[in-house]
Protein chains: 2
Amino acid sequence: MKKSGEIINKLSEQGYRLTPQRMMILSAIEDGEGHISAEEIYAQVAAKYSRVNISTVYRTLELLKRLGLVTETDLGDGRLRYHPVGKGHHHHLVCTECGAIVDLGESVLSPVKDVLLREYGFIADLRHLAIFGRCANCSK
Amino acid sequence: MKKSGEIINKLSEQGYRLTPQRMMILSAIEDGEGHISAEEIYAQVAAKYSRVNISTVYRTLELLKRLGLVTETDLGDGRLRYHPVGKGHHHHLVCTECGAIVDLGESVLSPVKDVLLREYGFIADLRHLAIFGRCANCSK
DNA sequence: ATTCTTATTGAAACTAAGTGCATCTATAAA
DNA sequence: TTTATAGATGCACTTAGTTTCAATAAGAAT
């Protein structure tokens with residue numbers, strides 16, 4: 001039960017205002033296991049402070065994304081999921097047949113990241129990717 | 001100016017009906033340079049046959065996607081883009097700063113595809129990916 | 001403590017995409 | 001050629017996310 005300090009500090013360092021809405025959105029993101037959706041964040045915040053608007057949640061997520069503090073990932077269930085960057089990087093294999101999700105270390109994509117940087121000077125954001133396809137069972 | 005036969009043949013082989021709506025949607029996808037959006041397909045079809053509904057476009061795209069006949073890619077402009085698989089595979093580097101899009105051969109991701117198959121038995125669909133990040137200019 | 005400035009918020013409208021259901025029609029069977 | 005039927009469509013509605021704009025309030029300056 002920590003105080004979501006990491007992201008808050010970075011926001012205030014960079015001159016962004018620390019509104020109560022933002023504080024509550026941040027703790028919703030930093031508590032829990034990550035992979036939270038905008039609606040879930042909204043539900044958590046609204047439970048304590050019913051005046052929040054969901055567009056504030058979306059706007060805060062957009063900001064955190066732009067500052068590189070959270071990653072946004074489409075896991076194929078129709079809503080985007082958010083993960084605090086401070087909690088570590090990983091990827092997912094998502095089976096489009098049965099819906100199974102397998103976690104994947106960060107290292108699988110590092111060679112790609114390196115090639116893109118070397119050959120194109122492109123700094124690829126490959127911190128939390130969902131790779132779709134068919135799992136071992138479904139393609140047997 | 002070919003007759004969008006490839007996809008039509010595959011649909012009818014597999015027992016799907018060849019409705020006039022589908023035929024018009026298919027030629028919209030197969031003519032042109034690919035990377036067409038659902039709205040653009042709808043506009044093209046509606047110009048000839050104003051009774052089509054856009055949900056038919058979405059449903060047809062869903063079908064073609066499921067059958068592996070088109071790829072769906074988010075190039076970051078708020079609408080998904082579709083590309084006929086028969087026209088070849090490639091990827092895109094999308095700069096989240098300036099919006100520049102650089103094309104990329106298929107080969108960059110083949111090693112990843114191989115590793116996922118070998119180590120997880122996972123058949124990854126990596127035929128038309130958009131990789132977001134910062135281009136050489138924007139990260140100078 | 002009060003005032004000021006501008007970032008942030010809430011409300012509502014809007015967009016892209018997906019869904020449920022009654023109707024219609026492409027295709028196969030008679 | 002006509003009929004039957006399951007697949008496909010149109011329409012209305014829902015959902016996730018974005019945008020506009022007037023009102024509010026965080027944080028700086030006084």
Side-chain angles (χ1 to χ4, degrees), chain A residues 7-26 28-29 35-43 45-46 48-67 70-82 96 99 130, chain B residues 7-26 28-29 35-46 48-67 69-82 96 99 130:
Chain A
I7 297 184
I8 288 182
N9 290 343
K10 276 174 187 152
L11 282 184
S12 105
E13 273 170 28
Q14 302 201 35
Y16 293 97
R17 293 183 185 170
L18 301 182
T19 68
Q21 291 92 331
R22 275 184 185 163
M23 309 281 259
M24 287 187 283
I25 291 168
L26 293 179
I29 295 173
H35 307 105
I36 195 172
S37 72
E39 286 285 344
E40 286 163 359
I41 294 169
Y42 174 67
V45 175
K48 294 179 181 171
Y49 177 65
S50 64
R51 284 176 44 77
V52 256
N53 194 277
I54 193 156
S55 61
T56 299
V57 175
Y58 283 115
R59 277 186 290 228
T60 302
L61 289 170
E62 166 66 30
L63 173 65
L64 298 176
K65 214 175 16 174
R66 211 172 57 236
L67 296 178
V70 305
T71 54
E72 179 187 70
T73 308
D74 171 15
L75 291 177
D77 67 341
R79 40 183 63 186
L80 298 172
R81 307 252 156 207
Y82 299 88
T96 48
Chain B
I7 296 184
I8 288 183
N9 289 342
K10 276 173 187 155
L11 281 184
S12 104
E13 274 170 28
Q14 303 201 33
Y16 293 96
R17 293 186 184 166
L18 301 181
T19 67
Q21 290 91 331
R22 274 185 185 162
M23 309 283 259
M24 287 187 283
I25 291 168
L26 293 179
I29 295 172
H35 306 104
I36 194 171
S37 72
E39 287 285 343
E40 286 163 359
I41 293 169
Y42 174 66
Q44 277 192 40
V45 175
K48 294 179 181 169
Y49 176 64
S50 64
R51 285 176 41 77
V52 257
N53 194 276
I54 192 155
S55 61
T56 299
V57 175
Y58 283 116
R59 277 187 287 230
T60 301
L61 288 171
E62 166 65 29
L63 173 65
L64 298 176
K65 213 175 17 172
R66 210 172 58 237
L67 297 179
L69 300 174
V70 305
T71 54
E72 178 188 72
T73 308
D74 171 15
L75 291 177
D77 67 340
R79 39 182 65 185
L80 298 171
R81 306 255 157 204
Y82 299 88
T96 49

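So that the names make sense, note that chain A is the first sequence line, chain B the second, and so on, each numbered from 1.
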Exercise. Determine, step by step, whether Glu72(A) and Arg66(A) satisfy the salt bridge (charged side-chain N to carboxylate O under 4.0 Å, His left out) criterion, reporting the C-alpha distance in whole Å, the side-chain angles of both residues, the deciding distance to 0.1 Å, and the verdict.
Key: CA-CA 10 Å; Glu72(A) 179 187 70; Arg66(A) 211 172 57 236; over 6 Å; no
[X] has an atom [atom1]; how far is it from atom [atom2] of [N], in whole Å?
| X | N | atom1 | atom2 | value |
| --- | --- | --- | --- | --- |
| Ile41(A) | dG17(D) | CD1 | C1' | 13 Å |
| Leu61(B) | dT9(D) | CG | P | 12 Å |
| Leu80(B) | dG17(D) | CG | P | 13 Å |
| Tyr42(B) | dT9(D) | OH | P | 14 Å |
| Leu18(A) | dA25(D) | CG | C1' | 13 Å |
| Leu64(B) | dA8(D) | CG | P | 11 Å |
| Tyr16(B) | dA6(D) | OH | P | 16 Å |
| Leu63(B) | dG18(C) | CG | P | 13 Å |

Quiz item: In Å and rounded to the nearest 0.5 Å, what is the CD1 to CG distance from Ile25(B) to Leu61(B)?
Solution: 7.0 Å
Quiz item: From Tyr42(B) OH over to Thr56(B) OG1, what is the distance, rounded to the nearest 0.5 angstrom?
Solution: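 Here the interatomic distance stands at 9.5 Å.
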Practice problem: Check whether the side chain of Arg17(A) and the base of dA7(C) form a donor-acceptor pair under 3.5 Å. | Solution: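 Such a pair is found, so the answer is yes.
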Self-check item: Distance-only donor-acceptor test (3.5 Å): side chain Arg59(A), base dG17(D)
Solution: no
Between [options], which one does the side chain of [X] approach most closely?
| X | options | answer |
| --- | --- | --- |
| Ala38(A) | dG10(D), dT19(D), dG17(D) | dG17(D) |
| Ser55(A) | dT19(C), dA11(C), dA8(D) | dA11(C) |
| Glu39(A) | dA16(D), dA26(C), dA11(C) | dA16(D) |
| Gln21(A) | dT8(C), dT9(C), dA16(D) | dT9(C) |

Exercise. Could you walk me through whether Lys65(A) and Glu62(A) pass salt bridge (charged side-chain N to carboxylate O under 4.0 Å, His left out), step by step?
Key: CA-CA 5 Å; Lys65(A) 214 175 16 174; Glu62(A) 166 66 30; 3.3 Å; yes
Quiz item: Does Arg51(B) or Arg81(B) map to a spot on DNA chain C nearer the 5' end, using the closest nucleotide for each?
Solution: Arg81(B)
Quiz item: Between Gly15(B) and Ser37(A), which has a closest nucleotide on DNA chain D that is more 5'?
Solution: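 That would be Gly15(B).
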